[in-house]
Amino acid sequence: NAGVMQNPRHLVRRRGQEARLRCSPMKGHSHVYWYRQLPEEGLKFMVYLQKENIIDESGMPKERFSAEFPKEGPSILRIQQVVRGDSAAYFCASSPRPGAGADTQYFGPGTRLTVL
Amino acid sequence: GENVEQHPSTLSVQEGDSAVIKCTYSDSASNYFPWYKQELGKGSQLIIDIRSNVGEKKDQRIAVTLNKTAKHFSLHITETQPEDSAVYFCAARGRRGGGADGLTFGKGTHLIIQP
């Protein structure tokens with residue numbers, strides 16, 4: 001059973017470009033979470049999605065950031081018009097379903113975004 | 001919202017000794033507390049977790065304790081080995097809904113095992 005997969009592992013963008021980060025959850029998992037990690041910091045929650053639904057986006061900036069988890073295919077975190085402050089590691093996690101014992105989050109290896 | 005404080009930021013112990021990392025949380029409604037290990041260039045690996053209906057949980061050399069009254073929880077690693085060297089993050093999650101679906105993480109502890 002492959003773990004959570006993220007790609008690309010490293011992404012370099014110039015200011016003003018768009019960044020698209022992809023996350024494929026573990027097999028059988030229908031819940032995806034995105035986190036951002038700045039250097040020397042813990043992970044900060046951004047958004048929680050189920051298939052075709054955004055459940056909680058309280059941690060995601062209102063502008064330039066969007067996320068989706070379509071019926072088919074990976075979850076996408078999209079950052080439009082990137083700025084240097086968007087440079088960070090972005091981690092995706094997945095879980096099977098809500099409810100005690102089945103909501104443990106398993107993390108992917110992350111995408112390191114560098115904005116020049 | 002939830003706020004998680006983690007101490008120390010760096011911990012150096014001799015191989016074979018024990019290591020203890022402590023976290024406090026602010027939201028009394030939080031009911032799930034996982035610990036993750038992050039190695040350089042890798043994602044975070046869940047090493048142990050505890051729910052608010054138990055006070056202690058153990059898995060081989062790793063144990064976690066939870067004090068709900070004081071709102072703190074700790075990670076204990078015994079008989080430390082070089083491969084335990086990593087950054088460890090504690091996290092807390094409150095009740096579902098109301099923006100509480102994601103985990104709130106501490107800032108991490110860099111654990112160094114001295115040979």
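Just so it is clear: chains get the letters A, B, ... in the order the sequence lines come, proteins before strands, and each one is counted from 1.
With rounding to the nearest 0.5 Å, the separation of OG1 in B:Thr104 from CZ in A:Phe45 is 9.0 Å.
B:Trp35 and B:Ile113 fall within the same hydrophobic cluster, where Ile, Leu, Val, Met, Phe, Trp and Tyr residues are linked whenever their side-chain heavy atoms come under 4.5 Å apart, directly or through other members. One hydrophobic cluster, built from ILVMFWY side chains closer than 4.5 Å, holds both A:Leu21 and A:Phe69.
Dense packing is recorded around CZ of A:Phe107, with more than 12 heavy atoms of other residues, nucleotides or ligands lying under 6.0 Å away. Counting non-hydrogen atoms of neighbouring residues, nucleotides and ligands closer than 6.0 angstrom, the CG atom of A:Leu116 exceeds 12 such neighbours. Under a cut-off of 6.0 angstrom, the local environment of CD in A:Glu63 is sparse, with at most 12 non-hydrogen atoms contributed by other residues, nucleotides or ligands. Heavy atoms from other residues, nucleotides or ligands lying under 6.0 Å from CD of A:Gln81 number 12 at most.
At least one side-chain heavy atom of A:Thr104 sits less than 4.5 Å from a side-chain heavy atom of B:Tyr32. Put simply, the side chain of A:Phe91 reaches to within 4.5 Å of the side chain of B:Gln38, judged on heavy atoms.
The shortest non-hydrogen separation linking B:Phe89 to A:Glu41 is CE2-O, 3.8 Å. Summarising the geometry of B:Ser44 relative to A:Leu43, their closest heavy-atom pair is OG-CD1, 4.2 Å, with the distance given to 0.1 Å.
Remark: side-chain polar atoms of A:Tyr35 are paired, donor with acceptor, to backbone N or O of B:Leu103 under 3.5 angstrom.
With a 4.5 angstrom heavy-atom cutoff, A:Gln105 touches chain B via backbone and side-chain atoms both.
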